Amino acid sequence: MSPLARVCQLPRSEFVLSTAILTGPPVAGSSLEADLRSLGFDVRVASRPAELDGHLAAAAANERLALIDPRFVGHTHALRLALKDPRFEAGALPGVLGVTPEARRALPGALTGGPQEAAAALEAAGVQVHRPELGTLVATVPTDETARKEAEAAVAAVDDEAVRLRSAVKSRDGFFTTFCISPYSRYIARWCARRGLTPNQVTTASLVTALIAAGCAATGERWGFVAAGVLLIASFVLDATDGQLARYDLQYSKLGAWLDATFDRAKEYAYYAGLALGAARGGDDVWALALGAMLLMTARHTVDFSFSEAGQDASENTSRTAALSSRLDSAGWTVWARRMIVLPIGERWALIAVLTAATTPRVTFLVLLAAGTLAACYTTAGRLLRSLHRRARTDRAAAGIRALTDSGPLAELAARLLRPVRLPLLGVPAVALFGGAVILATAWAAPLGGYWPVLAAAVYALCAGVALARPLMGPLDWLLPPFFRIAEYGTILVLAARADTDGTLPAAFGLVAALAYHHYDTVYRIRGGTGAPPHWLVRAVGGHEGRTLVVTVAAALWLGDGGHMQGFNFALTALAVVIAAVVLVESIRFWVSSQAPAVHDETGEPA
């Protein structure tokens, strides 16, 4: 199978070989066997306890296995949640236990009890048994005929399919997605499920639609801008649908989560490029604005990711800011206002689509930058206030923040040499901020073609080493990754804009896009529980401080008087191609082959 086919295809959970064993004779009139078969299980009956071990031995080692009390009464979707969710090794309900092939090895050699006893044995062996929240769904094991009739009446009173459809939608999402997209996208998700489509196929369709939208914007014609806006909204509808399809049909996978997250960034940044190309056709150069928008969005996401990583294993925040946030959450209108002001992906794409269709690329980018800056200031201020009252973070959180910095060999060498240097409580982010300010100010003000930016890049690498010399345990040490993103991307933007030659800003845009992919890939690896990218990869692409130094050296060689300006364009392009090739090959290899548990974003946090 080709790599593209592997990316687009996700096996449906119902198609995985599965065996369900009833631990006793079936109850007359029960629909349990039919419900299990509808979920893809081969149903076997152990009429006597002695038959149970024989059925267990007969089940193939690669099969998902379910043990069911034949008296069970409940909704089909309750069974699906316990037995078919691929994110968990085992799932349980009253009278129900589902286990993956891996978890089956922890079952005792001879089962003498029912599903409840087997679940207890798994937990005693260290296997985490997931017990899904059912809400209004019913799952019970009645002990007499009267209780059975009451349970069956309770099942009949709740529409199983309606609950399943509602649960396909995130419980916490943005205003635009909640009220303008999800009311109908959930039905598109069900339509896809009934036709055997997978979330990855819908994700790919969303990407293709967004790329067509970018192509329409690149025409520079009014019809192209209008079509681009419409197609961007269509792409977002499909983007919402893929996650809803995954939740509706429990088609989760780590590959799917990664595709959904990284394709969101690819779609948005490709659309920025399309707008910039369309503006250029009309005689307006907005590449600097497009690159600035990409820098702002990436830096803002880095703030979100780094702050979240800093909170790993942290106790409940008792600061006044957290208390105020809780009080505001009790008033409905403030919840939606706060979710809109942070400009999540739904609101952001709707804003871009409307502005594209109604105005010009320049206006679109200027409004986007203004709204994005407001959102970044709001979210960062809240995180800063919360951080001041957080207790010292754990070693795991500190390691995660360090991985997000993407620091290379130069910073590592400086950190080893400067380890004895002790900094005050807020000295780590202060040093990183100082280093970033030095390189950005020098790139902006120093004469082109001089070596002052190179010297500033060396100072920046030294400051990065000082900041990383000790574990990142301080209350504001999570600011290092966004500081480093802004310094690196900003240096590329400033030098490319000052070069003022054809092709320099598009080349810089390509370089920053390749770097952004690398940094988002790092985030999703850490979120997926597999840790940071391999150390050789970070060293191979130079680290943020090494790449910044390379860019300033290229600027010194080719941007001075008498220099060959196209040489700088070539250097940026070559660096982008090399980084993209190395990162993409390793990233695709990892995500296609990874067997780690699937992790999907169900938080509704801004994207």
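Because only heavy atoms are used, hydrogens play no part in the values below, and waters and symmetry mates are left out as well, while side chains stay in. Note that the structure is predicted; figures quoted are calculated from it, not measured. The residues of the chain are indexed from 1 along the displayed sequence.
- Listed here is the closest heavy atom pair of T522 and P533: OG1-CG, 3.4 Å.
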> Please walk me through it: do R470 and R422 pass side chain to side chain contact (heavy atoms under 4.5 Å, CB included)?
Replying inline: CA-CA 9 Å; R470 293 185 176 276; R422 292 188 176 275; 3.7 Å; yes
>> Could you go through Y272 and I352, starting from their C-alpha distance and side-chain angles, then the distance that decides it, and tell me whether this counts as side chain to side chain contact (heavy atoms under 4.5 Å, CB included)?
In response: CA-CA 10 Å; Y272 291 175; I352 295 171; 4.1 Å; yes
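- Rounding to the nearest 0.5 Å gives a distance of 5.0 Å between CE of M297 and CZ of R348.
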>> Run the side chain to side chain contact (heavy atoms under 4.5 Å, CB included) test on T302 and L404 for me, step by step, so that the C-alpha distance in whole Å, both residues' side-chain angles and the decisive distance to 0.1 Å come before the verdict.
In response: CA-CA 8 Å; T302 305; L404 289 175; 5.8 Å; no
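- For T501, the side-chain hydrogen bond (donor to acceptor under 3.5 Å, both in side chains) partners are T504, not counting sequence neighbours.
- Between atom CH2 of residue W478 and atom CG of residue D304 there is a gap of 9.0 Å, rounded to the nearest 0.5 Å.
- Partners of D395 according to the salt bridge (charged side-chain N to carboxylate O under 4.0 Å, His left out) rule, which considers only residues two or more places apart in sequence or in another chain, do not exist here.
- At distances below 3.5 Å, at least one donor-acceptor pair connects side-chain atoms of S387 with backbone N or O atoms of R383.
- The list of salt bridge (charged side-chain N to carboxylate O under 4.0 Å, His left out) pairs with a residue in residues 529-545, not counting sequence neighbours, reads E412-R539.
- In this structure, W558 and F570 have side chains that are not in contact, with every pair of non-hydrogen atoms separated by 4.5 Å or more.
- No side-chain heavy atom of T548 sits less than 4.5 Å from a side-chain heavy atom of I492.
- Using a 4.5 Å heavy-atom cutoff, the side chains of D239 and D264 are in contact.
- Evaluation of the side-chain hydrogen bond (donor to acceptor under 3.5 Å, both in side chains) rule for T573 yields no partner, not counting sequence neighbours.
- With a 6.0 Å cutoff to the six-membered ring centre and a 45° limit on the axis angle, R525 counts as a cation-pi contact of F590.
- Proximity of F483 to F434: side-chain heavy atoms (C-beta onward) are nowhere separated by under 4.5 Å.
- Within the 4.5 Å cutoff, the side chain of L495 has heavy atoms near those of the F568 side chain.
- Looking at D406 and H518, their side chains do bring a donor and an acceptor atom within 3.5 Å of each other.
- Nearest heavy atoms, P361 versus V286: CB-CG2, 4.5 Å.
- The heavy-atom pair separating D284 from R362 by the smallest distance is OD1-NH2, 2.7 Å.
- Remark: A273 pairs with W287, F509 by the side-chain contact (heavy atoms from CB on, under 4.5 Å) rule, at least two apart or across chains.
- For the pair T356/L232, no side-chain contact is recorded, criterion being any heavy-atom separation below 4.5 Å from C-beta on.
- Checking side-chain atoms of D260 against main-chain N and O of G256 turns up no donor-acceptor pair under 3.5 Å.
- Using a 4.5 Å cut-off on side-chain heavy atoms (C-beta onward), E268 and M294 make no contact.
- A search for side-chain hydrogen bond (donor to acceptor under 3.5 Å, both in side chains) contacts involving S235 returns S206, not counting sequence neighbours.
- Using a distance-only test at 3.5 Å, with no hydrogens or angles considered, no donor-acceptor pair links the side chain of R300 to the main chain of A375.
- In this structure, the separation between CG on L468 and CZ on R419 is 10.0 Å, given to the nearest 0.5 Å.
- Scored by the side-chain contact (heavy atoms from CB on, under 4.5 Å) test, V421 finds L418, L423 as partners (sequence neighbours excluded).
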>> Before you tell me yes or no, could you show the steps for F176 and W349 under ring pair (Phe, Tyr, Trp, His ring centres under 6.0 Å), namely the whole-Å CA-CA distance, both residues' side-chain angles and the distance that decides it to 0.1 Å?
In response: CA-CA 10 Å; F176 180 76; W349 283 26; over 10 Å; no
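- For the pair H130 and R87, the minimum side-chain heavy-atom distance is 4.5 Å or more.
- Ring orientation note: the planes of F175 and F179 are tilted relative to one another, at an angle of 30° to 60°.
- Considering only residues two or more places apart in sequence or on other chains, A288 meets the side-chain contact (heavy atoms from CB on, under 4.5 Å) condition with L493, L505.
- Taking each heavy atom of A514 and A576 in turn, the nearest pair found is CB-O, 3.9 Å.
- Here L479 contributes atom CG and T405 contributes atom OG1; the two are 13.0 Å apart, rounded to the nearest 0.5 Å.
- Of all non-hydrogen atoms in E309 and I401, the two that sit nearest each other are CG-N, 4.0 Å.
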>> Between H301 and R265, does the side chain to side chain contact (heavy atoms under 4.5 Å, CB included) criterion hold? Intermediate values first, please.
In response: CA-CA 11 Å; H301 287 143; R265 307 286 81 79; 3.8 Å; yes
> Given the rule in the side chain to side chain donor-acceptor pair (under 3.5 Å) test, do W591 and D521 qualify, once you have shown the distances and angles that lead to the verdict?
Replying inline: CA-CA 10 Å; W591 289 103; D521 182 60; 2.8 Å; yes
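- In this structure, the side chain of T380 does not engage the main chain of C377 through any donor-acceptor pair within 3.5 Å.
- Atom CZ of F263 and atom CG of L207 lie 5.0 Å apart (nearest 0.5 Å).
- Annotation: salt bridge (charged side-chain N to carboxylate O under 4.0 Å, His left out) contacts involving residues 485-504, sequence neighbours excluded, comprise E488-R547.
- Salt-bridge check for R339 with E347: failed, with every basic side-chain N at 4.0 Å or more from each acidic carboxylate O.
- With sequence neighbours excluded, the residues satisfying side-chain hydrogen bond (donor to acceptor under 3.5 Å, both in side chains) with T298 are Y269.
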For residues 435-463, please give each side-chain donor-acceptor pair under 3.5 Å, one per line with the distance, not counting sequence neighbours.
residue: T442; atom: OG1; partner: V438; partner atom: O; Å: 2.7
residue: Y460; atom: OH; partner: H544; partner atom: ND1; Å: 2.7

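- Judged as a side-chain contact (heavy atoms from CB on, under 4.5 Å), and not counting sequence neighbours, the contacts of L355 are L351, T359, T364, V367.
- Across V127 and E89, no two heavy atoms sit closer than the pair CG1-OE1, 4.0 Å.
- Taking CG of L368 as the reference point, atom CG of L343 lies at 7.0 Å (rounded to 0.5 Å).
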